[in-house]
Amino acid sequence: MNRIDKREDNVNKTRLAKTELVAERNEMNKQLNDPSPKQMDKCSPMCCHDDSSFELHVVSTNRGEQTTVLNVVKQIWPWVDYIHIREKQLSLQQHFIWASHMTESGVPSSRIVINGANPFVPSEFCRGAHWSQQMLTKAEVSMNAVNKGERMRLGVSVHSLHEARVAAEYGADYLFFGHVYTSRSKPDLTPRGVDALAEVCSGVDIPVIAIGGIQASTIQAVRLAGARGAAVISSVFQHEHPAHAIRLIKQAAERVI
């Protein structure tokens with residue numbers, strides 16, 4: 001190899017080294033700014049909560065958009081405690097099919113809650129059930145009559161202090177109360193407000209989860225009202241970057257008040 005060839009070879013090696021360095025830096029920045037669920041799962045919270053913890057729930061859109069919901073859930077699950085499948089137009093069997101697709105995509109079944117499920121019947125696809133008021137009124141067996149280790153965790157949606165006390169007496173493990181703020185999913189209904197949330201929180205001994213119009217900017221207000229968690233729908237599913245949106249909400253929830 002003559003002197004010119006050696007010079008060209010050294011130049012090519014230098015260019016290659018610079019290219020590899022730039023690619024390595026770009027990949028590092030990508031991982032830091034947009035961590036994947038697999039990476040985040042190493043430090044994601046477990047779903048076992050103490051009395052001081054603040055739960056973050058995400059509820060499906062109720063539009064039958066299985067592909068959209070699944071794609072978003074795959075991005076956000078490491079940052080949330082529970083993912084609710086609540087599609088009122090679908091059968092209970094179809095709810096479980098959605099749950100099976102989520103678990104196949106890597107979402108832990110311990111984080112999946114199915115609306116309308118029987119808490120007395122264990123499932124490999126979920127670890128929680130959530131009921132409406134109508135479901136509660138049709139219940140025949142009190143949850144208090146069964147050991148908690150023999151059933152799934154049960155949540156009930158309530159809209160007043162009276163409904164909250166009835167659900168708590170039945171044996172519900174937690175409550176959804178709302179809608180607290182103006183909600184995209186219920187644009188024609190007047191929100192119940194933070195004061196009503198505070199009344200319910202102080203009137204029962206089980207955790208109350210605030211739902212309806214929850215944003216990162218309102219998390220601290222619902223915490224001060226006594227809520228032990230928040231549930232979100234459109235603030236995540238209608239966001240251009242769902243993973244970014246849920247991270248902001250989680251960061252707001254973790255701030256010391």
Side-chain angles (χ1 to χ4, degrees), residues 45 47-62 72 76-77 79-86 88 111-113 115 128-133 135-136 153-168 170 172-239 242 245-257:
C47 290
C48 297
H49 301 278
D50 56 35
D51 290 341
S52 62
S53 65
F54 190 86
E55 299 179 8
L56 187 54
H57 299 238
V58 172
V59 183
S60 67
T61 61
N62 195 33
V72 171
I76 68 172
W77 72 260
W79 292 278
V80 305
D81 297 294
Y82 297 103
I83 298 165
H84 294 244
I85 304 175
R86 186 180 68 178
K88 297 178 182 179
R111 305 198 187 195
I112 300 175
V113 178
N115 201 64
H130 195 92
W131 287 358
S132 64
Q133 280 296 300
M135 296 172 190
L136 180 63
R153 190 177 192 233
L154 175 67
V156 176
S157 293
V158 302
H159 309 93
S160 67
L161 178 57
H162 171 70
E163 291 181 352
R165 286 174 172 167
V166 170
Y170 173 75
D173 297 297
Y174 68 93
L175 307 173
F176 269 15
F177 176 80
H179 60 295
V180 178
Y181 297 101
T182 300
S183 171
R184 297 179 193 175
S185 59
K186 297 180 179 180
D188 300 326
L189 296 179
T190 302
R192 291 178 170 83
V194 177
D195 290 341
L197 171 65
E199 180 184 35
V200 171
C201 291
S202 62
V204 294
D205 295 328
I206 59 177
V208 177
I209 311 300
I211 188 171
I214 304 296
Q215 307 282 342
S217 59
T218 58
I219 286 288
Q220 292 301 310
V222 299
R223 289 199 71 174
L224 287 170
R228 296 264 294 280
V232 296
I233 306 174
S234 54
S235 60
V236 171
F237 283 104
Q238 293 186 16
H239 198 282
I246 201 65
R247 289 201 299 269
L248 290 179
I249 294 172
K250 184 167 181 62
Q251 289 170 3
E254 291 177 340
R255 293 194 189 108
V256 178
I257 58 175

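Pairs of residues two or more places apart, or lying in two chains, that qualify as side-chain hydrogen bond (donor to acceptor under 3.5 Å, both in side chains) and include a residue from residues 155-164 are His130-Ser157, His159-Glu163.
Remark: Gln133 pairs with no residue by the side-chain hydrogen bond (donor to acceptor under 3.5 Å, both in side chains) rule, at least two apart or across chains. Every side chain to side chain contact (heavy atoms under 4.5 Å, CB included) that Ala230 has, sequence neighbours left out, goes to Phe54, Ile214, Ile219. Remark: Thr61 engages Arg63, Glu65, Val69, Glu87, Phe237 in a side chain to side chain contact (heavy atoms under 4.5 Å, CB included) (not counting sequence neighbours). Tyr181 meets the ring-ring contact (aromatic ring centres under 6.0 Å, His included) test with no other residue; sequence neighbours excluded.
Atoms CG and CZ, on Leu175 and Arg165 in that order, are 12.0 Å from each other to the nearest 0.5 Å. Summarising the geometry, atom CG belonging to Leu189 is positioned 9.0 Å from atom OG belonging to Ser183; distances are rounded to the nearest 0.5 Å. Residue His84 holds its NE2 atom at 9.5 Å from OG of Ser60, rounded to the nearest 0.5 Å. For the atom pair CD1 of Ile211 and CZ of Phe176, the computed distance is 5.0 Å after rounding to the nearest 0.5 Å. The line from CD1 of Ile76 to NZ of Lys250 is 12.0 Å long, rounded to the nearest 0.5 Å. Here the straight-line distance linking atom CH2 of Trp77 with atom CD1 of Ile112 works out to 10.5 Å at 0.5 Å rounding.
Contact record, Ser235 with Gln215: CB-OE1, 3.7 Å, taken as the closest heavy-atom pair. Contact between Phe177 and Gly193 at its shortest, heavy atoms only, is CE2-O, 4.5 Å. When all heavy atoms of Pro191 and Val180 are compared, the pair lying nearest together is CB-O, 3.3 Å. Scanning both residues, Val194 and Ala221, for their nearest heavy atoms gives CG1-O, 4.1 Å. Contact between Ala216 and Ala252 at its shortest, heavy atoms only, is O-CB, 3.4 Å. Between Val158 and Ala167, the shortest heavy-atom distance links the atoms CG1-CB, 4.2 Å.
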*Please step through side-chain contact (heavy atoms from CB on, under 4.5 Å) for the pair Met135 and Asn115, ending with a clear verdict.*
CA-CA 10 Å; Met135 296 172 190; Asn115 201 64; 3.7 Å; yes

_Walk me through whether Ile249 and Val236 qualify under side-chain contact (heavy atoms from CB on, under 4.5 Å)._
CA-CA 9 Å; Ile249 294 172; Val236 171; 4.3 Å; yes

*Show your reasoning for whether side-chain contact (heavy atoms from CB on, under 4.5 Å) applies to Leu154 and Trp131.*
CA-CA 7 Å; Leu154 175 67; Trp131 287 358; 3.8 Å; yes

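Checking side-chain atoms of Arg111 against main-chain N and O of Val80 turns up a donor-acceptor pair under 3.5 Å. A donor-acceptor distance shorter than 3.5 angstrom exists from the side chain of Arg192 to the backbone of Gly178, with no hydrogens or angles considered.
Under the 30°/60° scheme for interplanar angles, the aromatic rings of Tyr174 and His57 are found to be tilted.
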Check residues 197-207 and write down every donor-acceptor pair under 3.5 Å in which the side-chain atom is one partner and the other belongs to a residue at least two apart or another chain.
{"residue": "Ser202", "atom": "OG", "partner": "Ala198", "partner atom": "O", "Å": "3.1"}
{"residue": "Ser202", "atom": "OG", "partner": "Glu199", "partner atom": "O", "Å": "3.1"}

